[in-house]
Amino acid sequence: MEEMDKVYNPAFEKRIYEKWMRGKCFEAHVNPEKEPFTIMMPPPNITGQLHMGHAMDETMQDILTRFKRMNGYEALWLPGTDHASIATEVKIIEKIKKEEGLTKEEIGRDEFLKRAWAWKEQYDGRIVEQLKGLGVSCDWSKKAFTMDDNLSAAVKEAFVRYYNKGLIYRGSRIINWCPECKTALSDAEVEYEEQQSNLWYLRYPIVGENDAIVVATTRPETMLGDTAVAVNPKDEKMAKYIGKIVMLPLMNREIPVVGDDYCEIGFGTGAVKITPAHDPNDFEVGLRHNLPIIQVIGEDGLMNDNAGTYQGLDRLTARKRIVEDLNALGLVEKIQPYAHNVGTCYRCGETVESLVSKQWFVKMKPLAEPAIKAVKSKKTEFIPSRFEKIYFNWMENIKDWCISRQLWWGHRIPAYYCDDCDEMVVSKTDVLTCPKCGGKMRQDEDVLDTWFSSALWPFSTLGYPKKTKNLAYFYPTSALVTGYDIIFFWVARMIFSGIEFMGEPPFSDVLIHGLVRDAQGRKMSKSLGNGIDPLEIIDNYGADALRFALINGVAPGSDTRFSKEKIESCRNFINKLWNASRFVIMNIKEDDDLSMPSRFNGADKWILTKLNDVIKEVTVNLNKYELGVAAATLYDFTWSEFCDWYIEMSKNALYSDNKKEHEHAVAMLVCVLTEILKLLHPFIPFITEEIYSKYSNGRILMVEDWPVFNKKYVFRKEEANFEGLKDIVVAIRNVRNEMNVVPSKRVSAYSIAKDEKFIESAVPYLNKLAGISDVKFVKSKEEIKEKTTAVVTHDAEFLIPLGELIDEQKEIERIKAEIAETEAIIKKTEGLLANTAFVSKAPQKLVDNERDKLAKAQDKLAKLKDKLNAFA
RNA sequence: GGAGGCAUGGCUCAGUUGGUUAGAGCACACGGUUCACAUCCGUGAGGUCGUUGGUUCGAGUCCAACUGUCUCCACCA
């Protein structure tokens, strides 16, 4: 057999990945014989590199894909990347500025796009390499990019279909505008942060009266664009002002006082200034009262030519100047410190401006309805289910989706305008001449929101709008795995898009996971500098250790912390597996028959029973998406049962000169190990594949069949016997430790046992595991002359001579403590059984258990008391 | 303002439909040079499961309120 290093070293990971690639193990094909299992990888942005969140996300998908593949599904995990319109454009602009000292306008659209595609080539490739390092088993032959030709065709198809159904429209609406990125943003792209500011109370004089209305505002600079003041008509104190005219200070413009419910009674002064051009709520009020819209802040964030003498000032300077000027006029009533939330751009952080602009929108209500129904009817299920509430909350309160962006990197809007007449055509193909007047047509300058294309991901990647075989076979997909942070951006939009264009929701299960935080529980972020680079972890500990650390013991949907301690303990587990395997493999002799034996000894029956239970538990939990439980189960079984007990129990036979005995032991070890490797493979694919290659004669583990629970290998009686044996061994070790008996010293013991035959068969194990060299059976304690210490179980009593090493006092205390413990159990159990309600209402099995427990405890107590008396 | 999560030994977390003495990893104490592994082996100490009340024969688990904490949504000037 091949030599294995004494310490686990993940250097083989690259080699294993290449082996899988060479074997085309990841590729999935239309196969009517098999049921498909499909996962679409959430496409990473080409802006950067893989972070811990990706590592967790990809690991979970890989586990599911490998598990299903081994279970006989045609498993497709389709990878890809996202052009990430605004995020990438921001980065490219930065790069051009730094390297060439130019703005994007200076180099022009065509040159800019050339640089963008060069960026894509570089970063896309880098991400693919990083994904491979994680061990992802996705089908690279189907890799997609949101701006590939066929995915772009899907975008055009979707746009035109929406438009023709009246679900896309172009209109002037108030939108979120980023003055830094100089583009519109959807509501989802605005992040709010609390800022300390002031509430300014401004006096607006009433025309023809010696009175004024006081309004409160957080944004004095927008007053230049006020076109009304609103009061609540139900407000007894304020209603009298409705219909009056106030003089807008500084601008000397007369504006009306209107009555509108929007103005809340009791808040502020009871009157609110209305700036339809720069506030979404004011915009609505403006529509209701037919107010003019006066834009005073331009798309560059500067005051525009409607702002009079303030033109050209930035927003904050204008604010300062306006307050000063109003103050000079005696029109500032008071200034009150005030904390409020300010919208910022999710990409650049700049304060977002609300302004009125002509943009493209998707009408959401008709799309949201069936999307809500799909989840309500469980056609699509969220795991954990509580995330459904978040989804419903958003879907039910949804507003129209602003999809146009004033950017260059992305899918250009397929709308064409005539230079000569006002004709507009929306078309999948380029339109050069106007169908109406024959004039020259020019395409809309804007691109689509990046999420418009990712919303189509589950089917655009399979060939849509073409009716491909892949699409028919693999759609709808099985599961979507992603973080809760993009439920709105992406998951919700995929659901309504899938229903709209494919007629059914894009996936049946949405597995939501949490965030990976740092060791102190903080979100990993660039500004804090607390991010942990998964690539560095892979270099130092291996991808398997990283994967296990991100999954083991993590409950679905909850955040997890990543720490050095965690990754080390996982690496140690992998090292344990490595060494256990190494031990088994180095004991294989040239001509050993490694096939599964047909007859089993007690220890074999015990481990096979345990193994079958583990197979069942792991399979059930993986099917329930309880990856953390499944991983923990395997960790425990591998280390605490297989390594700690079964391997140790096998050693005598393994080293035996008797060929048959040795061969039996080694074959059993190999068979159990192989099952363990298969079960662990989805979690830690590299090391399991590497170990398997040492003895599998060229077979590849990742395409082997998943282990199945088989009751042929379940032996409950032997299982119970060996669990009892383990208890005895632990108890003996305990006594030896407490009595300070040198552990390596072999001692012979006496035993008074109910089942002498079983104890007799257990002697070799007691020898190996507890240092008991031999056991003499006696009928009563009187036969023993030496001083002994006792291990008492209900089936047997072991009396271990301790010679001069015994500390009598300590032994008495130990027995007393054990008596107290046993008495407590008896008391509690007796109380329970005396409760007639319990006995009559609890399941019979439970009551029997309690009775059995009581009998055993009483039996044990008698022996302990006996033993104590012997010291008296 | 609305919604949701979390609260379990020193730390980080498991705990499936309510049912033996509530588990693990790390840290800690003690003991180990047995030919797989010190990235190890053995043993141990450490928890009134946030508080109060309720449902139940039985509650860490279900219900209610409260306290603390985190997150999401909305954004009222």
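Just so we're clear, the structure is a prediction, and the values are computed from it rather than from any experiment.
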Please measure how far the [atom1] atom in [N] lies from the corresponding atom in [M], and state the result in whole Å.
{"N": "B/A65", "M": "B/G9", "atom1": "P", "value": "25 Å"}
{"N": "B/G4", "M": "B/A77", "atom1": "P", "value": "25 Å"}
{"N": "B/C35", "M": "B/A24", "atom1": "P", "value": "28 Å"}
{"N": "B/C66", "M": "B/C30", "atom1": "P", "value": "49 Å"}
{"N": "B/G47", "M": "B/U8", "atom1": "P", "value": "15 Å"}
{"N": "B/A64", "M": "B/G23", "atom1": "C1'", "value": "29 Å"}
{"N": "B/G42", "M": "B/A27", "atom1": "P", "value": "16 Å"}
{"N": "B/G60", "M": "B/A7", "atom1": "P", "value": "15 Å"}

Tell me what [X] touches on the nucleic acid: a base, only sugar-phosphate, or nothing, going by heavy atoms under 4.0 Å.
{"X": "A/Glu648", "answer": "base"}
{"X": "A/Phe562", "answer": "nothing"}
{"X": "A/Asp279", "answer": "sugar-phosphate"}
{"X": "A/Val730", "answer": "sugar-phosphate"}
{"X": "A/Cys570", "answer": "nothing"}
{"X": "A/Tyr192", "answer": "base"}
{"X": "A/Lys399", "answer": "sugar-phosphate"}

Nearest-Å distance, [atom1] ([X]) to [atom2] ([N])?
{"X": "A/Asp644", "N": "B/C41", "atom1": "CG", "atom2": "P", "value": "6 Å"}
{"X": "A/Leu515", "N": "B/C6", "atom1": "CG", "atom2": "P", "value": "16 Å"}
{"X": "A/Tyr646", "N": "B/C41", "atom1": "OH", "atom2": "C1'", "value": "21 Å"}
{"X": "A/Phe382", "N": "B/G4", "atom1": "CZ", "atom2": "P", "value": "16 Å"}
{"X": "A/Ile487", "N": "B/G5", "atom1": "CD1", "atom2": "C1'", "value": "13 Å"}
{"X": "A/Arg319", "N": "B/A77", "atom1": "CZ", "atom2": "C1'", "value": "13 Å"}
{"X": "A/Trp394", "N": "B/G2", "atom1": "CH2", "atom2": "C1'", "value": "18 Å"}
{"X": "A/Trp578", "N": "B/C40", "atom1": "CH2", "atom2": "P", "value": "16 Å"}

Summarise protein proximity over nucleotides 12-27 of chain B in one line of letters, 5' to 3': B for base, S for sugar-phosphate only, - for none, counting protein heavy atoms closer than 4.0 Å. SSS-B--BBB---SS-
Determine, using ring centers only, whether A/Phe642 and A/Phe637 are less than 6.0 Å apart. no
Below 4.0 Å: OP1/OP2 of [N] and any side-chain N or O of [X]:
{"X": "A/Lys576", "N": "B/C41", "answer": "yes"}
{"X": "A/Arg386", "N": "B/G4", "answer": "no"}
{"X": "A/Tyr484", "N": "B/A3", "answer": "no"}
{"X": "A/Lys6", "N": "B/C35", "answer": "no"}

Assigned partner base of [N], Watson-Crick or wobble definition, under 3.5 Å:
{"N": "B/C57", "value": "B/G19"}
{"N": "B/C72", "value": "B/G2"}
{"N": "B/C37", "value": "none"}
{"N": "B/A7", "value": "B/U67"}
{"N": "B/A45", "value": "none"}

If you measure only the distance, is there a donor-acceptor pair under 3.5 Å linking the side chains of [X] and [Y]?
{"X": "A/Asp559", "Y": "A/Tyr484", "value": "yes"}
{"X": "A/Glu189", "Y": "A/Tyr346", "value": "yes"}
{"X": "A/Ser581", "Y": "A/Lys694", "value": "no"}
{"X": "A/Asp226", "Y": "A/Tyr204", "value": "yes"}

Examine the base of B/U43 for any acceptor or donor lying under 3.5 Å from a partner atom in the side chain of A/Arg733, and report the outcome as yes or no. no
Does any donor-acceptor pair link the side chain of A/Asn737 with the base of B/G42 at a separation under 3.5 Å? yes
Would A/Lys651 pass as a cation-pi partner of A/Phe583, given that its NZ or CZ must be under 6.0 Å from the six-membered ring centre and within 45 degrees of the axis? yes
Tell me, with the steps shown, if A/Asp260 and A/Arg288 meet salt bridge (charged side-chain N to carboxylate O under 4.0 Å, His left out). CA-CA 9 Å; A/Asp260 198 289; A/Arg288 284 198 285 273; 3.0 Å; yes
Describe, in one word, how the ring planes of A/Tyr391 and A/Phe382 are oriented to each other, choosing from parallel (under 30°), tilted (30 to 60°) and perpendicular (over 60°). tilted
Only one of A/Thr222, A/Asp282, A/Thr227 clears side chain to side chain donor-acceptor pair (under 3.5 Å) with A/Lys273; which? A/Thr222
salt_bridge(A/Arg219, A/Glu353) N-O dist < 4.0 Å: yes
Pick the closest RNA chain B nucleotide for A/Arg517 and for A/His340 by heavy atoms, then say which residue is nearer the 5' end. A/Arg517
Of A/Asn575 and A/Pro280, whose nearest nucleotide on RNA chain B comes first from the 5' end? A/Asn575
